[in-house]
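Okay, so here's the structure we're looking at.
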Amino acid sequence: MSIQHNNSDINADVNSDIDGVSGSGSCLYDLFCSETPSLNSQSQRDRWLSSGPQKRLDHLMCQAGNKYCADCGSSEPKWVSSSFGVFICIKCSGIHRSLGVHISKVLSLKLDEWTDEQVDALVKLGGNTVINRKYEACLPNNIKKPNPYSSNEERIDFIRRKYELLQFLDSEENLSCPFVPSHQRTSSSIQNCLSSRNYFSDKKNYDKQTTKNRIGLSFRNSRGRKDYGHKSTKKSNSLAGMVEFVGLIMVNVVKGTNLAVRDVMTSDPYVILSLGHQSVKTRVIKNNLNPVWNESLMLSIPENIPPLKVLVYDKDTFSTDDFMGEAEIDIQPLLSAAKAYEKSSINESMQLGKWVASGDNTLVKDGIIFLEEGKVRQEISMRLQKVERGVLEIELECVPLTQ
């Protein structure tokens, strides 16, 4: 739910955030103002706060600590983990996504539409300098931080340790730090550190989750629905993130038409998109058999490209959510078209290919792959399967790795 703030509310939030954290460098807004003398006056700060989310994002991207990926140091990161408030590169963003949205939710600085509320939250989290000071405070000498040329395996190991296992965390809740910073390390302190590690590992799993994240985790763990043969894929901790990504796909769930009735005379539908180990969902639309979502969701494309699975459910409060249909989409042609476009010099809009509707697939009409304004897209209208009726319309966009 979007919450609107006026300027005085935002100023109060920012000021209370600064007062509540020790050190003048503990707030991204404070850091940004220190590097931008023109914002030192209250009137200039008010103007910046009311300049709109995208312009404020552009300013934050220029803040010194945010010009490089928080995890590997690559220049000009174009992605953000809104869960942690760090600016990251495309390679690291794929690994953040593989951790699951209950740990790290990734947004594009340019492709996603940001709200003032989201930018306010990013400001409060602190940016790369502040977050790394906290989440890498106990980084041991024997673990090297990745660089822009590091392998995917090196990135995976470091990012999981940093954000999922919280092994380098400088906790604000007086939890035992699993490592001692190198400048404070002695042989006796290492022994004390290792003995406290088990306690930290057990306690952090509960303490690190906000209420919202616990709800998200509960959703992921409660996917054992009566879904006519569909089984959700559970991610093994030993395999989490061990995937090389070759691209990103943005899925705009447009609308449903004549969906199945599951609540006497209507339904409360929502859509789940699944690609490999990743799953994302739309919002629920109440009492509507012809819902309009117009909701864009992002997924990373694994190297071994699985089909994009689309599932529709009816939300029930006191019982298991009811199955309303499913479909599968082969995204390989779209990815191939996007790769071909990257290597070409084409500038004008044109058709690049199509998925032909036939009796052997679920398409209502041909799924045209087209190039428009430098973006490779595909519009798909498909009949839902294993259900009595229903059509779902979605739009796909393959995001080049260079974006």
Smallest separation among heavy atoms of [X] and [Y], with atom names:
| X | Y | answer |
| --- | --- | --- |
| I88 | C69 | CA-SG, 3.7 Å |
| P291 | P269 | CG-CG, 3.6 Å |
| I331 | L396 | CG2-CD1, 4.3 Å |
| D268 | N287 | OD1-N, 2.7 Å |
| V86 | A70 | CB-CB, 3.8 Å |
| L109 | P77 | CD1-O, 3.5 Å |

Can you tell if the side chain of [X] reaches within under 4.5 Å of the side chain of [Y], non-hydrogen atoms only?
| X | Y | result |
| --- | --- | --- |
| C72 | Y149 | no |
| D112 | Q118 | no |
| V264 | T266 | no |
| K255 | N294 | no |
| Y68 | N128 | no |
| L139 | F158 | yes |
| I394 | I329 | yes |
| E342 | V376 | no |

Dump the intermediate steps for side chain to side chain contact (heavy atoms under 4.5 Å, CB included) on L248 and M298, then the final yes or no.
CA-CA 7 Å; L248 299 163; M298 188 85 74; 4.2 Å; yes
Checking [X] now: which residues fulfil side-chain contact (heavy atoms from CB on, under 4.5 Å) with it, not counting sequence neighbours?
| X | value |
| --- | --- |
| S336 | Q332 |
| R377 | F370, E372, K375, E397 |
| K354 | Q351, V356, D366, I368 |
| S319 | D316 |

Side chain of [X], backbone of [Y]: donor and acceptor closer than 3.5 Å?
| X | Y | result |
| --- | --- | --- |
| E393 | V254 | no |
| T282 | V271 | yes |
| S267 | R262 | yes |
| R389 | N258 | yes |
| N66 | F87 | no |
| N252 | E295 | yes |

Using salt bridge (Lys or Arg N to Asp or Glu O under 4.0 Å), reason through R161 and D157 one step at a time and then give a plain yes or no.
CA-CA 6 Å; R161 286 173 179 265; D157 181 66; 3.2 Å; yes
Going from [atom1] on [X] to [atom2] on [Y], what distance comes out if it is rounded to the nearest 0.5 angstrom?
| X | Y | atom1 | atom2 | value |
| --- | --- | --- | --- | --- |
| W79 | I90 | CH2 | CD1 | 5.5 Å |
| I159 | C92 | CD1 | SG | 4.0 Å |
| E113 | S296 | CD | OG | 7.5 Å |
| L335 | I301 | CG | CD1 | 5.0 Å |
| Y341 | L352 | OH | CG | 9.5 Å |
| I272 | K281 | CD1 | NZ | 7.0 Å |

Take V387 and L259 through the side chain to side chain contact (heavy atoms under 4.5 Å, CB included) test and state the conclusion after the steps.
CA-CA 9 Å; V387 69; L259 299 184; over 6 Å; no
K386 and E328 ion-paired at < 4.0 Å:
no
K162/E136 ion pair, N-O < 4.0 Å
yes
Would you kindly check if the NZ (Lys) or CZ (Arg) of R56 is within the cone defined by 45 degrees around the ring axis of W114 and under 6.0 Å from the six-membered ring centre?
no
Could you give me the CA-CA distance, side-chain angles and deciding distance for V130 and L125, then say whether side chain to side chain contact (heavy atoms under 4.5 Å, CB included) is met?
CA-CA 8 Å; V130 173; L125 285 169; over 6 Å; no
Per the salt bridge (Lys or Arg N to Asp or Glu O under 4.0 Å) rule, what does the pair list look like for residues 58-67, sequence neighbours excluded?
D58-K110
Paired with D71, the side-chain hydrogen bond (donor to acceptor under 3.5 Å, both in side chains) test is passed by just one of H96, R155, K145, namely H96
Side chain to side chain contact (heavy atoms under 4.5 Å, CB included) between L392 and W293, worked out:
CA-CA 11 Å; L392 191 67; W293 286 281; 3.8 Å; yes
Does CD in E373 sit with more than 12 non-hydrogen atoms of other residues, nucleotides or ligands closer than 6.0 Å?
no
Looking at E388, I'd like to know if its CD atom is crowded, meaning that more than 12 non-hydrogen atoms belonging to other residues, nucleotides or ligands lie closer than 6.0 Å.
yes
For F84, check ring pair (Phe, Tyr, Trp, His ring centres under 6.0 Å) against everything at least two apart and list the hits.
Y135, Y163
